[in-house]
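Note sheet for the following structure.
One-based numbering along the sequence shown.
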Amino acid sequence: MGRDTIAEVITSIRNADMDKKRVVRITATNIIENIVKILLREGFIENVRKHRENSKDFLVLTLRHSRKRPSRNLLNLKRISRPGLRIYSNYQRIPRILGGMGIVIISTSRGIMTDREARLEGIGGEILCYIW
């Protein structure tokens, strides 16, 4: 049985955010690097750096935490498409999360992108996850 690396990364980030940890270390793959670039660009995480240890690449993420609201999580992630059930959508039916406040990460034929970028390009694909 194969591993779902995207779900593992989402779970690691979610658990670190709930536990108020500042730094998360995850294994680096091309898909994960693209998802992390989107998270960084959209402002869900503060910083990313690449780390190499024992011929394996890791990404070290610095999470954002709010000091004003200590009981509320800043980052909510939900895996949608999974290896057992793939979910695809054309660009017209891509869901809007919180009326456009959240993002949908989509794997398209032109790479991994957000829902806004996919709508502008007029291209659909596999819905990987929701982030709000």
Sequence neighbours excluded, which residues qualify as side chain to side chain donor-acceptor pair (under 3.5 Å) partners of N34?
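Partners of N34 by the side chain to side chain donor-acceptor pair (under 3.5 Å) criterion come out as none, since no residue qualifies.
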Once side chain to side chain donor-acceptor pair (under 3.5 Å) is applied, do any residues pair with R49, and if so which ones, sequence neighbours excluded?
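Here no residue qualifies.
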Shared ILVMFWY cluster between [X] and [Y], side chains joined below 4.5 angstrom?
X    : Y    : value
I35  : I127 : no
V36  : F58  : no
V9   : V48  : yes
I112 : I94  : no

With sequence neighbours excluded, tell me which residues meet salt bridge (charged side-chain N to carboxylate O under 4.0 Å, His left out) with R52.
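In terms of salt bridge (charged side-chain N to carboxylate O under 4.0 Å, His left out), with neighbours along the sequence ignored, R52 is linked to D57.
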With sequence neighbours excluded, residues passing salt bridge (charged side-chain N to carboxylate O under 4.0 Å, His left out) with R22:
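R22: salt bridge (charged side-chain N to carboxylate O under 4.0 Å, His left out) contacts with E46.
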Restricting to side chain to side chain contact (heavy atoms under 4.5 Å, CB included), what partner residues turn up for L120, sequence neighbours left out?
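Listed in chain order: nothing, the list is empty.
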Between R79 (side chain) and I10 (backbone), is there a donor-acceptor pair under 3.5 Å?
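No: the side chain of R79 does not pair with the backbone of I10.
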Have a look at L61 and tell me which of I45, L40, L39 forms a side chain to side chain contact (heavy atoms under 4.5 Å, CB included) with it.
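Of all the options given, the one that passes is I45.
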Sequence neighbours excluded - salt bridge (charged side-chain N to carboxylate O under 4.0 Å, His left out) pairs with any residue from residues 23-44:
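Residue pairs passing salt bridge (charged side-chain N to carboxylate O under 4.0 Å, His left out), neighbours aside: R25-E53, E33-K50, R41-E117, E42-R116.
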Side-chain hydrophobic cluster, 4.5 Å single linkage: members besides I123
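Besides I123, the hydrophobic cluster comprises M113, listed by chain and residue number.
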Tracing side-chain links under 4.5 Å among I, L, V, M, F, W and Y, which residues wind up in one group with V23?
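Members alongside V23: V60.
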Roughly how far, to the nearest 0.5 Å, is NZ of K56 from NE2 of H51?
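Rounded to the nearest 0.5 Å, the NE2-NZ separation comes out at 12.5 Å.
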Gap separating the CG atom of N76 from the CD1 atom of I131, nearest 0.5 angstrom
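The distance works out to 10.0 Å.
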What do the steps show when you test L128 against I6 for side-chain contact (heavy atoms from CB on, under 4.5 Å), and what is the final call?
CA-CA 8 Å; L128 298 178; I6 297 172; 4.1 Å; yes
Under the side-chain hydrogen bond (donor to acceptor under 3.5 Å, both in side chains) definition, can you give me all pairs with a residue in residues 123-132, not counting sequence neighbours?
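Residue pairs passing side-chain hydrogen bond (donor to acceptor under 3.5 Å, both in side chains), neighbours aside: S81-E126, R86-E126.
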Can you give me every donor-acceptor pair (side chain of residues 95-111, partner residue at least two apart or in another chain, under 3.5 Å) with its distance?
residue	atom	partner	partner atom	Å
T108	OG1	R110	N	3.1
T108	OG1	G111	N	3.3
T108	OG1	G111	O	2.6
R110	NH1	E121	OE1	2.4

At their closest point, which heavy atom of D17 faces which heavy atom of L75, and how far apart are they?
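Smallest heavy-atom distance, with atoms named: OD2-N, 3.2 Å.
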What closest approach, in Å, do T27 and I32 show between heavy atoms, and which atom pair accounts for it?
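It is O-CG2, 3.8 Å.
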Look at atom CD1 of I31 and say whether more than 12 heavy atoms of other residues, nucleotides or ligands are closer to it than 6.0 Å.
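12 or below, so no.
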